[in-house]
*Asks:* 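This structure is in structure tokens; I'll ask about it shortly.
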Amino acid sequence: MAGGSEHGEMNPFISYVDLFSSVILVLLLFVLIMFVNVGYYMQFNSKQVTVAAAASSDTASKQEENPVTFVTLQDVTKATTQSTQETGENTLTKSTEKTAIVDYKESDLTIVFKNNDYFVAKDAIAKLTKTMEKILKSNPNALFVLSVGDSKKILSATQAKQVSLGRVLATKNTLEATPAFKNKIKISYKQNESNNFEFGYLKVDVK
């Protein structure tokens, strides 16, 4: 506190005791604020650690409840075959190597399919080959144009085109196995829109 002199005059300077007390109070206030901040920071970090540990525990428990299942190629093939069997005649047949049921019309060199299989039966191919050989004997310069019609019993247009492509290529390769027909067969993808063959057809035209 400010003191007076012997003659009653006021001391203009703050005493050292008052100054030291003010400094101590300021330091105590600063330390108190620091302790409050440190405590809040530690409490916040502990909550974050608890949440992260709980999330990690939940993830581990879910992984244990839902183990990974490995599927082999055999399982996939089996499932695909079973699915195809259930869809019926409106999709591709389950075995592409199965010979198709067909009718052979010798008068116009047409093979009419009775199902959605790819490969023409050997007896029908033999009849067609015999007819073409007769034509080739009478006209050695004859050129055979093999055309194909899509099956109307396949709902997917893409699958219908795939079946037609497989049929025409397989038939062409089979016929060209006969040396006389080598380089004598061409393919035409132009279809006859007026045909009434539900499962598609193959037709040979002579040029």
Side-chain angles (χ1 to χ4, degrees), residues 68-207:
V68 177
T69 303
F70 293 94
V71 181
T72 63
L73 179 61
Q74 184 178 3
D75 295 334
V76 174
T77 305
K78 183 178 179 181
T80 304
T81 301
Q82 183 179 0
S83 175
T84 307
Q85 289 175 349
E86 293 173 354
T87 53
E89 64 179 9
N90 289 330
T91 59
L92 301 179
T93 52
K94 60 180 180 297
S95 176
T96 57
E97 294 184 357
K98 183 179 178 182
T99 55
I101 302 173
V102 299
D103 284 340
Y104 173 60
K105 297 184 177 182
E106 185 177 357
S107 58
D108 52 1
L109 296 178
T110 302
I111 294 175
V112 181
F113 289 88
K114 297 299 182 181
N115 58 18
N116 287 325
D117 287 308
Y118 281 80
F119 298 98
V120 180
K122 291 182 179 180
D123 57 341
I125 290 291
K127 293 177 182 178
L128 178 61
T129 301
K130 187 176 180 179
T131 306
M132 292 171 63
E133 285 176 342
K134 291 180 180 179
I135 296 173
L136 202 58
K137 284 182 180 180
S138 61
N139 183 11
N141 295 324
L143 180 67
F144 301 101
V145 179
L146 186 61
S147 59
V148 61
D150 294 341
S151 173
K152 299 177 182 178
K153 288 293 185 177
I154 300 177
L155 297 181
S156 170
T158 301
Q159 287 186 339
K161 295 294 183 184
Q162 289 176 349
V163 171
S164 296
L165 181 62
R167 285 173 172 175
V168 72
L169 291 178
T171 304
K172 180 178 183 292
N173 292 336
T174 303
L175 292 174
E176 285 187 340
T178 303
F181 299 148
K182 196 68 175 178
N183 299 323
K184 289 282 187 178
I185 301 174
K186 303 297 181 182
I187 294 178
S188 173
Y189 295 102
K190 185 177 181 180
Q191 301 188 26
N192 183 5
E193 300 295 338
S194 62
N195 78 83
N196 296 318
F197 306 130
E198 293 183 335
F199 291 95
Y201 67 90
L202 286 170
K203 189 176 187 310
V204 177
D205 295 310
V206 182
K207 300 295 184 180

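We use all heavy atoms of the structure for the numbers below, so side chains are in, but hydrogens, waters and symmetry mates are not.
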*Asks:* Are Ile185 and Met132 packed together at the side-chain level, in the sense that at least one heavy-atom pair is separated by less than 4.5 angstrom?
*Replies:* yes
*Asks:* Measuring from Lys105:NZ to Phe197:CZ, what's the distance to the nearest 0.5 Å?
*Replies:* 4.0 Å
*Asks:* For residues Asp150 and Val163, determine if any side-chain heavy atom of one lies less than 4.5 Å from a side-chain heavy atom of the other.
*Replies:* no
*Asks:* Indicate the atoms forming the closest heavy-atom contact of Gly149 with Ser164, along with that distance.
*Replies:* O-OG, 3.7 Å
*Asks:* Please report the interatomic distance NZ(Lys184) to CG(Leu146), rounded to the nearest 0.5 Å.
*Replies:* 16.0 Å
*Asks:* Measure the CG-NZ distance between Asn116 and Lys153 for me, rounded to the nearest 0.5 Å.
*Replies:* 9.5 Å
*Asks:* Can you tell me how far CG of Leu175 sits from CD1 of Ile125, rounded to the nearest 0.5 angstrom?
*Replies:* 5.0 Å
*Asks:* What is the distance from atom CD of Glu106 to atom CG of Leu128, rounded to the nearest 0.5 Å?
*Replies:* 9.5 Å
*Asks:* Before accepting this row, confirm whether a basic side-chain N of the pair Asp108/Lys203 lies closer than 4.0 Å to the acidic partner's carboxylate O.
*Replies:* no
*Asks:* State, with a plain yes or no, whether a side-chain heavy atom of Thr174 is found less than 4.5 Å away from one of Val120.
*Replies:* no
*Asks:* Indicate the atoms forming the closest heavy-atom contact of Ile135 with Leu109, along with that distance.
*Replies:* CD1-CD1, 3.8 Å
*Asks:* At their closest point, which heavy atom of Ile187 faces which heavy atom of Lys172, and how far apart are they?
*Replies:* CD1-CD, 3.3 Å
*Asks:* So does Ala180 get a backbone contact from the side chain of Thr178, meaning a donor-acceptor N/O pair under 3.5 Å?
*Replies:* no
*Asks:* By the salt bridge (Lys or Arg N to Asp or Glu O under 4.0 Å) test, which pairs, at least two apart or in different chains, include something from residues 124-143?
*Replies:* none
*Asks:* Within the structure provided, determine whether Ile101 and Phe113 are in side-chain contact (heavy-atom separation under 4.5 Å).
*Replies:* no
*Asks:* Within the side chain of Arg167, is there an N or O that forms a donor-acceptor pair under 3.5 Å with the backbone of Asp117?
*Replies:* yes
*Asks:* Provide the closest heavy-atom pair for Asp103 versus Lys114 in the form atom of the first, atom of the second, distance.
*Replies:* OD2-CE, 2.8 Å
*Asks:* For Ile154 and Ala160, work out which heavy atoms get closest and say how close.
*Replies:* CG2-N, 3.9 Å
*Asks:* Could you pull out the closest heavy-atom pair between Tyr104 and Thr131, with the gap in Å?
*Replies:* OH-OG1, 3.0 Å
